[in-house]
Amino acid sequence: MPSNPVHGPIGVFDSGFGGLTVLRELVRSLPDYDYLYLGDNARAPYGTRSFETVYRFTLECVQYLFSQGCPLVILACNTASAKALRTIQQHDLPAMPDPSRRVLGVIRPSAEAVGAMTVTGKVGVLATPGTVKSGSYLLEIAKLYPDIEVFQEACPMWVPLIENGEYATPGAEYFVARHVHALMAKCPAIDTVILGCTHYPVMAELIRRYLPPGVRLLEQGRMVADSLTHYLRRHPEMDTRLSRNGSCRFLTTDSTDLFNKPATLFFGRAVEGHLVTVS
Ligand code: DGL
C-alpha cells in the first residue's frame, strides 16, 4: 500500500440504472459510508456487446472512479462482472500506480448465497445474453457447490424494456412470460432463480407472477450488501480507507435530464445526477 493511501467513497458502477438497486441495499446495510455511483448511460446497454467492448468500457469507468478517489469499486453489473472483472483484477490493477485499490463484482456473492437456498439442487439464472454466454454463473456455482445444477435463460429484451420505461406494459409481460416459461421448461425441478442482472429487480413482481408457486426469486442487492459487510470485516486495511459521512453522489455519462427520473425510481429516493466524461 502507498505511504499515503487514498481515502474516499465506495465506487459503485453499472452500465446504466441497474446498479442503483444494489446501491439502495448497500446504503441500507452500511449507511455510514460515502458512495459514488457511476452509470455509463450513454453506452448502455452492455448486455449484447462483445467481450472486448464491455471490458474496455468497464475499465474506463473503473479508472474514472479511481481518479475520483474511490479506494474500492463494486461492479454492480453482472455483464461487467462476467466479462471484465477478472482481467481488471488480475491484469490491470497490479499495473496501476496504487495496486492496493480493489474491484469487486456481483456474481460471486450471488453464487455463494444460492447454496443455502436450494433444496432440489436445481438453480435457474435469468440474465443478459452477455452474462449467460460468459458461463460465469456456471463456473462460480460449480466451484462452490459442484452438486448444484444450473440452468440459464438469456433475456435480451428485458434491459431495453426497463431502460426505456416499458417495464410495466403488456409488451414487458409478454417477454417476461416467454423467458420465465422457457427457463422452467429446461428443468421443472428448479426451486431457486437468481435475477442475474441488476436491472431486473424493477420487474421482480411481474417475474414472480410467472414463476410456479414455491420457487424462490433472489435479488442481488441484499446478497451483495451482506458480502461487502463481511469483506470489510475481513479487510480492515480497506475499511479504514473508506470515508464515512453517509453521502451518496451520482454520476452519469448521459444527459442528467434523462438520468434523474428513472434513477429515482431505481434507487427509491430522489437522485440528482452530474454529467461526466469517462473516455
Ligand atoms: N445491469 C446490468 C447487469 O447486471 C446489465 C445491463 C446491460 O445490459 O447493460 O448485467
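As the structure lists them, so they are numbered: ligands from 1, and atoms in each ligand from 1.
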Anything with a heavy atom under 4.0 Å from ligand 1 counts, so go ahead and list those protein residues by chain and number. Asp14, Ser15, Pro45, Tyr46, Gly47, Cys77, Asn78, Thr79, Thr128, Val159, Cys197, Thr198, His199
Salt-bridge test for Asp98 and Arg241: reply yes if a basic N is under 4.0 Å from a carboxylate O, no otherwise. yes
Using the test salt bridge (charged side-chain N to carboxylate O under 4.0 Å, His left out), find all partners of Arg108 that sit at least two apart in sequence or belong to another chain. Glu112, Glu140
Measuring from atom CG of Leu85 to atom OG of Ser134, what distance do you get when rounded to the nearest 0.5 angstrom? 11.0 Å
Could you name each residue pair satisfying salt bridge (Lys or Arg N to Asp or Glu O under 4.0 Å) that touches residues 168-183, not counting sequence neighbours? Glu173-Arg209
Which distance, rounded to the nearest 0.5 Å, do you find between the SG of Cys61 and the CG of Leu38? 4.5 Å
Just grab all the side chain to side chain donor-acceptor pair (under 3.5 Å) pairs involving residues 265-279, residues at least two apart or on different chains. none
